[in-house]
J.: 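Take a look at the following structure, please.
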Amino acid sequence: MLARRATVSMLYNGANATEQIAGYINSFEYTDVASGKSDSIRAVINDRDRKWIGPWFPVKGDKLIPTILLHNWTADGQIIQFPCGTFGVDDFSFSGGPIKMNLDAIALPTSTSFKTEDRTETYEKATLQQIGQMVAGRAGISLFFDASDVAIEKVEQNNQNDCDFYSGLVEKYGLSLKIYNDRLVVFSEADYEAKGPKFVLTEADFDPGWSWDTTLTGIYTGVRYQYTNSDKNKTFTVKAGTEERLLTSNEPADNLTEATAIALAAVNNANKGTTTMSITMMARPGLIASDTIEIAGLQRLSGKYYVEQVTHSLGSGYKMSLNLRKVEPRISSPTAISSTVSEGG
């Protein structure tokens with residue numbers, strides 16, 4: 001069998017820069033996160049011909065579209081392509097000698113207003129998807145909404161940038177947000193956790209140095225929610241789960257449906273990540289953040305895990321470092337809900 005190898009092809013501001021990158025790259029790292037942070041890349045590039053400090057000198061905001069190419073990975077002559085997405089140059093630096101450049105880029109929209117421009121706006125009689133379409137439109141990107149929509153009676157964006165406002169709103173209703181390939185992606189982690197595992201891994205697949213950790217004291221068995229909406233003169237109460245270890249929540253809501261979604265999201269978000277695992281292994285084509293995998297053969301450590309982050313490292317070989325959290329049972333329905341005034345009155 002021919003030797004396995006991994007290379008990187010690159011579109012740089014729309015032009016094919018693979019030759020300029022491939023012949024000079026020292027190492028390449030792509031960090032793929034499920035949600036909550038931006039995907040990012042870092043390339044260390046040898047500038048032996050002094051072109052990167054000259055005619056190829058980068059500019060912040062330059063657009064990069066890298067693809068990892070796997071040669072002979074599962075069969076001789078085969079090339080597997082793994083697109084990393086679209087990134088904007090965020091930072092770069094040089095050191096010597098010989099001269100090297102560290103090039104960092106993140107997956108954010110070209111429009112800087114998404115992250116930097118604070119705005120105050122009120123959204124009424126809208127859904128989470130409709131608000132996302134407005135936010136994505138202002139950022140010059142599209143929205144991919146892969147979840148059940150949520151009706152929102154009224155919500156205020158109070159001197160916040162679109163990124164912080166919408167990511168907080170999505171999390172409040174138990175969903176997740178990331179930016180991938182010039183798209184704002186909203187999805188349900190609960191739905192993704194329910195999917196079958198992409199791979200089954202055993203200890204033989206891990207490089208030395210893996211770790212496993214748990215914090216059992218952080219697990220809530222239930223939630224008690226209560227909020228008084230003074231505008232409507234209503235108090236909403238929601239209970240879910242059992243009372244051994246209760247989380248309390250009082251996030252604003254305009255009706256019982258909103259209150260229930262907020263309460264369930266609060267307890268399930270609080271319970272995420274109580275059991276975690278970190279491993280490094282030879283790259284597995286197709287594995288991405290938000291997939292699930294099955295860990296087998298490690299007795300009490302075995303089980304189904306959700307992939308929070310994948311860091312692809314190319315240099316001397318091609319490795320994946322995985323940050324995982326164990327998939328725990330979710331509290332999916334309330335045991336009691338009430339309002340001081342009838343919702344139909």
J.: For a 4.5 angstrom cut-off between non-hydrogen side-chain atoms, does Ile141 reach Arg183?
T.: no
J.: Which distance, rounded to the nearest 0.5 Å, do you find between the CZ of Arg5 and the CG of Leu70?
T.: 10.5 Å
J.: Is Ser249 reaching over with its side chain to a backbone N or O of Ala263, donor-acceptor style, under 3.5 angstrom?
T.: no
J.: Just so I know, are the side chains of Ile68 and Leu314 near enough to count as touching, which here means a heavy-atom distance under 4.5 Å?
T.: yes
J.: So, Tyr123 versus Phe165, ring centres under 6.0 angstrom or not?
T.: yes
J.: Flag yes if Val33 and Ile106 sit in one hydrophobic cluster, no otherwise; membership is Ile, Leu, Val, Met, Phe, Trp, Tyr, and two members link when side-chain heavy atoms are under 4.5 Å apart.
T.: no
J.: Please tell me whether Glu189 and Ser176 have a donor and an acceptor in their side chains that are separated by less than 3.5 angstrom.
T.: yes
J.: Using a 3.5 Å distance criterion without hydrogens, assess whether the side chain of Tyr220 forms a donor-acceptor pair with backbone atoms of Glu244.
T.: no
J.: Does any pair with a residue in residues 174-201 pass ring pair (Phe, Tyr, Trp, His ring centres under 6.0 Å), and if so which ones, sequence neighbours excluded?
T.: Phe187-Tyr192
J.: If you link ILVMFWY side chains whenever their heavy atoms are less than 4.5 Å apart, which other residues fall into the same cluster as Leu246? By chain and number, please.
T.: none
J.: Which residues pass the side-chain hydrogen bond (donor to acceptor under 3.5 Å, both in side chains) test with Ser38, sequence neighbours left out?
T.: none
J.: Determine whether more than 12 heavy atoms belonging to other residues, nucleotides or ligands lie under 6.0 Å from atom CD of Glu171.
T.: no
J.: Consider only side-chain N and O atoms of Gln78 and Thr74, and report whether a donor and an acceptor are under 3.5 Å apart.
T.: yes
J.: Quick one: does Pro58's side chain get under 4.5 Å of Tyr12's, heavy atoms only?
T.: yes
J.: Just so I know, are the side chains of Asn102 and Asp91 near enough to count as touching, which here means a heavy-atom distance under 4.5 Å?
T.: no
J.: Glu153 versus Asn255: any side-chain heavy-atom pair under 4.5 Å?
T.: yes
J.: Within the distance-only criterion (no hydrogens, no angle test), does the side chain of Thr335 pair as donor or acceptor with the backbone N or O of Lys239 below 3.5 angstrom?
T.: yes
J.: Would you find a donor on one side and an acceptor on the other, under 3.5 Å apart, between the side chain of Asp191 and the backbone of Ser188?
T.: no
J.: For residues Glu203 and Leu298, report the shortest heavy-atom separation together with the two atoms involved.
T.: OE1-CD2, 3.7 Å
J.: Applying side-chain hydrogen bond (donor to acceptor under 3.5 Å, both in side chains), name anything that partners Asn72, two or more places apart in sequence or on another chain.
T.: none
J.: Kindly indicate whether the side chain of Leu177, heavy atoms from C-beta on, has any atom under 4.5 Å from the side chain of Tyr166.
T.: yes
J.: Look only at the side chain of Ser278 and the backbone of Trp210, and say whether a donor-acceptor pair between them is shorter than 3.5 Å.
T.: no
J.: Could you check whether Asp49 and Tyr24, counting side-chain N and O atoms only, form a donor-acceptor pair closer than 3.5 Å?
T.: yes
J.: Side-chain contact test, heavy atoms from C-beta onward, threshold under 4.5 Å: evaluate it for Leu287 versus Met320 and give yes or no.
T.: yes
J.: Minimum heavy-atom separation for Leu184 to Gly132, with atom names?
T.: CD2-O, 4.1 Å
J.: Among all residues two or more places apart in sequence or in another chain, which pass the salt bridge (Lys or Arg N to Asp or Glu O under 4.0 Å) test with Glu258?
T.: none
J.: Between His312 and Tyr30, how do the two ring planes meet: parallel, tilted or perpendicular, split at 30° and 60°?
T.: parallel
J.: Can you tell me if NZ on Lys37 sees more than 12 non-hydrogen neighbours from other groups inside 6.0 Å?
T.: no
J.: Under 4.5 Å between side-chain heavy atoms, hopping through other hydrophobics if needed: is there a path connecting Val8 to Trp73?
T.: yes
J.: Should we count CZ of Arg48 as having more than 12 external heavy atoms under 6.0 Å?
T.: yes
J.: Do Asp254 and Glu124 have side chains that approach each other closer than 4.5 Å (heavy atoms only, starting at C-beta)?
T.: no
J.: Any idea how Tyr225 and Tyr227 line up, ring-wise: parallel (<30°), tilted (30 to 60°), or perpendicular (>60°)?
T.: tilted
J.: Answer yes when Asp205 and Arg284 have at least one side-chain N-carboxylate O distance shorter than 4.0 Å, and no when they do not.
T.: yes
J.: Using modelled atom types only, decide if a donor and an acceptor are shared between the side chain of Thr340 and the backbone of Thr235 within a distance under 3.5 Å.
T.: yes
J.: Indicate yes or no for a side-chain donor-acceptor contact from Asp291 to the backbone of Ile288 under 3.5 Å, with no hydrogens or angles considered.
T.: yes
J.: Treating Thr276 as the side-chain partner and Gly273 as the backbone partner, does any N or O pair qualify as donor plus acceptor under 3.5 Å?
T.: no
J.: Of the non-hydrogen atoms in Val327 and Tyr305, which two are nearest, and what is the gap between them?
T.: CG2-C, 3.9 Å
J.: Compute both the distance and the angle, then confirm whether Arg4 meets the cation-pi test with Tyr318: under 6.0 Å from the six-membered ring centre, within 45 degrees of the axis.
T.: no
J.: Counting neighbours of NZ on Lys304 that are heavy atoms of other residues, nucleotides or ligands and sit closer than 6.0 Å, is the number greater than 12?
T.: yes
J.: Leu103, Ile65: one ILVMFWY side-chain cluster at the under-4.5 Å cut-off?
T.: no
J.: Side chains of Asn271 and Asn268: any donor to acceptor distance under 3.5 Å?
T.: no
J.: Any chance the side chains of Thr127 and Gln129 put a donor and an acceptor closer than 3.5 Å?
T.: no
J.: Taking atom types as modelled and ignoring hydrogens, do the side chains of Gln157 and Asp162 form a donor-acceptor contact shorter than 3.5 angstrom?
T.: yes
J.: Quick test of your reading of the model: are Lys272 and Glu193 salt-bridged, counting only N-O distances below 4.0 Å?
T.: no
J.: Backbone N or O of Asn161 within a donor-acceptor pair of the Asp118 side chain at under 3.5 Å?
T.: yes
J.: Please answer whether the main-chain N or O of Arg42 pairs with a side-chain N or O of Asp104 as donor and acceptor at a distance below 3.5 Å.
T.: no
J.: Within the 3.5 Å criterion, strictly below it, is a donor on Ser321 or Thr311 matched to an acceptor on the partner's side chain?
T.: no
J.: Can you tell me how the ring of Phe94 sits relative to the ring of Phe57, calling it parallel under 30°, perpendicular over 60° and tilted otherwise?
T.: parallel
J.: Indicate whether the side chain of Asn159 and that of Thr120 have a donor and an acceptor atom separated by less than 3.5 Å.
T.: no
J.: Taking a hydrophobic cluster as the set of Ile, Leu, Val, Met, Phe, Trp and Tyr residues connected by side-chain heavy atoms closer than 4.5 Å, whether directly or through intermediates, do Val200 and Ile279 fall within one such cluster?
T.: no
J.: Mind checking what makes side-chain hydrogen bond (donor to acceptor under 3.5 Å, both in side chains) contact with Asn181, not counting sequence neighbours?
T.: Thr86
